[in-house]
Amino acid sequence: MNKILLIALFFTLLISCENKKSDESRVEDTSAPSISELLIGKWHNLEIKVIIKTNGGDSIVHVPQDKWEEILQIKPIVTAYNDDSTFVSEYRSLDDEIIMTSTGTWFVKGDSLVMSQDGTDDAYFAQIKNDTVSFSGYIDWDQDGEADDLYTGTQIKH
């Protein structure tokens, strides 16, 4: 009788272990999409702020949401991040005419978006939440040869 009980206990334990293995092998990959995957598409600027370092003291360029037309006399910039690692930014007049475009390539390294244009690489810490992305990084905004100007900005997906 003890022998039968021991064998039954052994098989119960064996079946229990097999079920756990089966459950583990059925676990689906629920990893979130990468920043690269989420960025693909068209985004328009909501807000930018740049703290420009100069010898005479800092100056600030700040364009809050819904103030593009008033402050810069343009519509918010629209940037398309393409799946071939290129980007195109369109600058439009208040009459919705394209007045300038900038193009380049982009890639993500860790949590940073690197945008290359005209031989210059600018890296931004990037965070995406829902349909909004925020960027921050030191760039050469004033073109003085130093990447010492702090850029922060947000964009929303079209």
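I40 and I77 fall within a single hydrophobic cluster, where Ile, Leu, Val, Met, Phe, Trp and Tyr side chains are chained together by heavy-atom contacts under 4.5 Å. In the hydrophobic clustering of this structure, L113 groups with I35; members are Ile, Leu, Val, Met, Phe, Trp, Tyr whose side-chain heavy atoms approach within less than 4.5 Å, directly or through other members. Residue I74 is grouped with residue W43 when hydrophobic side chains (ILVMFWY) are merged at heavy-atom distances under 4.5 angstrom, including chains of intermediate members. Under the 4.5 Å side-chain heavy-atom criterion for Ile, Leu, Val, Met, Phe, Trp and Tyr, I156 and L38 are members of distinct hydrophobic clusters. Both F87 and I99 belong to a single network of hydrophobic side chains, linked directly or stepwise wherever heavy atoms of I, L, V, M, F, W or Y lie under 4.5 Å apart.
With salt bridges taken as basic N to acidic carboxylate O contacts below 4.0 Å, one links R92 and E90.
Defined by atom type and a distance below 3.5 Å, a donor-acceptor pair is missing between the side-chain atoms of Y91 and E97. S136 and T152 are not linked by any side-chain donor-acceptor pair at a separation below 3.5 angstrom, with hydrogens and angles left out of the test.
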Test ring-ring contact (aromatic ring centres under 6.0 Å, His included) applied to Y124 and Y151, step by step: CA-CA 8 Å; Y124 305 90; Y151 172 96; 5.5 Å; yes
Step-by-step side chain to side chain contact (heavy atoms under 4.5 Å, CB included) determination, V133 to Q127: CA-CA 6 Å; V133 62; Q127 287 184 299; over 6 Å; no
Working for salt bridge (charged side-chain N to carboxylate O under 4.0 Å, His left out), residues K53 and D58: CA-CA 5 Å; K53 295 284 183 190; D58 297 351; 3.1 Å; yes
Test log, rule side chain to side chain donor-acceptor pair (under 3.5 Å), inputs D118 and T120: CA-CA 6 Å; D118 299 326; T120 302; over 6 Å; no
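Counting heavy atoms from C-beta on, the side chains of H158 and H44 come closer than 4.5 Å. Contact check for L72 versus V63: side-chain heavy atoms found under the 4.5 Å cut-off. Side-chain contact check for P64 versus I71: some heavy-atom pair is nearer than 4.5 Å. Using a 4.5 Å cut-off on side-chain heavy atoms (C-beta onward), E47 and H62 make contact. Between D149 and I51, every side-chain heavy-atom pair lies at or beyond the 4.5 Å cut-off. Using a 4.5 Å heavy-atom cutoff, the side chains of K49 and I60 are in contact.
Taken from OG1 in T103 to CE in M115, the straight-line distance is 10.5 Å, to the nearest 0.5 Å. If you take OG on S93 and CE on M100, they are separated by 13.0 Å, rounding to the nearest 0.5 Å. Residue T79 holds its OG1 atom at 6.0 Å from CG of N45, rounded to the nearest 0.5 Å.
For the pair D144 (side chain) and E146 (backbone), a donor-acceptor distance under 3.5 Å is present. Checking side-chain atoms of W68 against main-chain N and O of L46 turns up a donor-acceptor pair under 3.5 Å. Judged by distance alone, with hydrogens and angles left aside, the side-chain atoms of Q73 form a donor-acceptor pair with the main-chain N or O of E70 at under 3.5 Å. With E37 contributing its side chain and S34 its backbone, the two residues share a donor-acceptor pair below 3.5 Å. Remark: the backbone N or O of V114 is not paired with any side-chain donor or acceptor of W106 at under 3.5 angstrom.
Enclosure of atom NZ in K157 by more than 12 non-hydrogen atoms of other residues, nucleotides or ligands within 6.0 angstrom is indicated. Sparse packing is recorded around CD of Q143, with 12 or fewer heavy atoms of other residues, nucleotides or ligands lying under 6.0 Å away.
Between D140 and D142, the shortest heavy-atom contact is OD1-OD1, 3.1 Å.
Taking the six-membered ring where the residue is Trp, the centroids of F135 and F125 are separated by 6.0 Å or more.
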